Amino acid sequence: MTHQRDEISRLRRELPWVKLEKNYEFDGPNGKETLSDLFNGRSQLIIYHFMFGPDWEEGCTSCSFMADHIDSTLVHLAHRDVTFVVVSHAPIEKLQAFKNRMGWKFKWLSSFNSDFNYDFHVSFTKEELAKGKVYYNYEVAEFPIEEGPGTSVFYKEDTTGNIYHTYSSFARGGDLMLNTYNFLDLVPKGRDEDGLAFSMSWLRYHDRYDDKYQLDTKSGYPHPKVSDCCSEGHHS
């Protein structure tokens, strides 16, 4: 399996690159930043598409689980010419507040005033959802919510400044980055999710586990609570 994974990684690196023609701009903790700025002097950029809708009160529980694995790896990635950032659809003020609550240190930016999430098929309009199916994870299928998770990778040429989209994965493609699952796969019970209506229903925000923790095996995906503050954001 290890050798097969090495071969898959090699084939992934041989996928065709797509040159980006649009200059995406994001809202960051220090103001506006372009996609080019996000590379921060390096040639490779990983963006995690964190599910956090403009009117949600909190970020997605599963994406928060993923985010718990990021901070400790940033210094290692930086020394391999890789910058890692997180992008969500919610306004920057919401992202900053939730980040502070969770104690994360990674760079988190908002695409609220950009087409970025729509162009990379991780945000969907009410009109798209009303049709019953959306384009996500390289297929047209039913999708239960207006935001989806994923990871996108980019390369920036040093001489021209051209930016290329080299890879994206969605849905269970994120398993590779969830080291907690990798550890669980080693133990006798494994992930122990077979009897759950929603496989990750056992999961909580890391500040919400306590002695009263109980697992409801019949609970489905925890749809986020919404507020009245925001619309869908920019979409041309």
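Small disclaimer: the values here were computed from a predicted structure and weren't measured.
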Under 3.5 Å, is there a donor-acceptor pair between the side chain of Glu128 and the main chain of Thr125? yes

Ionic contact status for Asp194 with Lys189, cut-off 4.0 Å: no

What about Tyr138 and His121, are their ring centers closer than 6.0 Å? no

State whether Tyr167 and Arg13 meet the cation-pi test: NZ (Lys) or CZ (Arg) under 6.0 Å from the six-membered ring centroid, and within 45° of the perpendicular axis. no

Judged by atom type as modelled, is there a donor-acceptor pair below 3.5 Å linking the side chain of Asp27 to the main-chain atoms of Ile92? no

With a 3.5 Å distance limit and no angle check, can you tell me whether Ser111 reaches the backbone of Ser114 through a side-chain donor-acceptor pair? no

Do Lys94 and Glu57 sit within salt-bridge range, that is, some charged N less than 4.0 Å from a carboxylate O? no

Backbone N or O of His165 within a donor-acceptor pair of the Lys19 side chain at under 3.5 Å? no

Minimal heavy-atom distance between Gln44 and Asp81, with the atoms involved, is NE2-O, 3.1 Å

Applying the 4.5 Å side-chain criterion to the ILVMFWY set and letting contacts propagate, would Met66 and Leu184 be lumped into a single cluster? yes

Step by step, would you call Ser64 with His206 a side chain to side chain donor-acceptor pair (under 3.5 Å)? CA-CA 8 Å; Ser64 298; His206 67 234; over 6 Å; no

If only atom types and distance count, is the side chain of Tyr205 paired as donor or acceptor with the main-chain N or O of Gly59 below 3.5 Å? yes

Value for CE (Met1) from CZ (Arg5), rounded to nearest 0.5 Å, stands at 7.5 Å

CG on Leu35 to CG on Leu20, rounded to 0.5 Å: 6.5 Å

Honestly curious: do Leu203 and Met102 fall in one hydrophobic cluster under the side-chain, below-4.5 Å linking rule? yes

For the pair Phe50 and Phe98, name the ring-plane relationship: parallel under 30°, tilted 30 to 60°, perpendicular over 60°. perpendicular

Please test Ile47 against Thr151 for side chain to side chain contact (heavy atoms under 4.5 Å, CB included), starting from the C-alpha separation and ending with a verdict. CA-CA 6 Å; Ile47 292 181; Thr151 305; over 6 Å; no

Any donor and acceptor pair, going by atom type alone, linking the side chain of Asp71 with main-chain N or O of Lys105 inside 3.5 Å? yes

Rounded to the nearest 0.5 Å, the CZ atom of Arg191 sits from the CE atom of Met200 at a distance of 8.5 Å

With a 4.0 Å cut-off, would you call Glu33 and Lys107 a salt bridge? yes

For the pair Trp17 and Tyr155, name the ring-plane relationship: parallel under 30°, tilted 30 to 60°, perpendicular over 60°. tilted

Kindly indicate whether the side chain of Leu45, heavy atoms from C-beta on, has any atom under 4.5 Å from the side chain of Val153. no

Identify the heavy atoms of Phe52 and Trp56 that sit nearest to each other, and give their distance. CE2-O, 3.4 Å

For Gly150, does its backbone N or O pair with a side-chain atom of Tyr48 as donor and acceptor, under 3.5 Å? no

Within one Ile-Leu-Val-Met-Phe-Trp-Tyr cluster: Val87 and Trp104, side-chain cutoff 4.5 Å: no

To the nearest 0.5 angstrom, please state how far the NE2 atom of His89 sits from the OG atom of Ser110. 7.5 Å

Reported CZ-to-CG distance for the pair Phe84 and Asn40, which is rounded to 0.5 angstrom: 14.5 Å

is_close_aromatic(Tyr164, Phe154), centroid dist under 6.0 Å: no

Qualifying salt bridge (Lys or Arg N to Asp or Glu O under 4.0 Å) pairs with a residue from residues 146-156, counting only residues at least two apart or across chains: none

Quick one: OG1 on Thr61 to CZ on Phe198, what's the gap to the nearest 0.5 Å? 8.0 Å

Aromatic ring pairing Tyr136/Phe143, orientation class (parallel under 30°, perpendicular over 60°, tilted between): tilted

N/O donor-acceptor pair under 3.5 Å between Ser219 side chain and Asp216 backbone: yes

Same cluster (ILVMFWY, side-chain, under 4.5 Å), Leu109 and Leu74: no

Between Glu127 and Lys131, does any side-chain N to carboxylate O distance fall below 4.0 Å? no

The single option from Cys60, Ser201, Pro144 passing side chain to side chain contact (heavy atoms under 4.5 Å, CB included) against Tyr221: Cys60

Could you go step by step and tell me if Asp37 and Lys32 meet the side chain to side chain contact (heavy atoms under 4.5 Å, CB included) rule? CA-CA 10 Å; Asp37 294 332; Lys32 299 287 185 181; over 6 Å; no

Check for a donor-acceptor pair, side chain of Asp210 on one end and backbone N or O of Tyr213 on the other, with a separation under 3.5 Å. yes

Less than 6.0 angstrom separating the ring centers of Phe106 and His69, yes or no? no

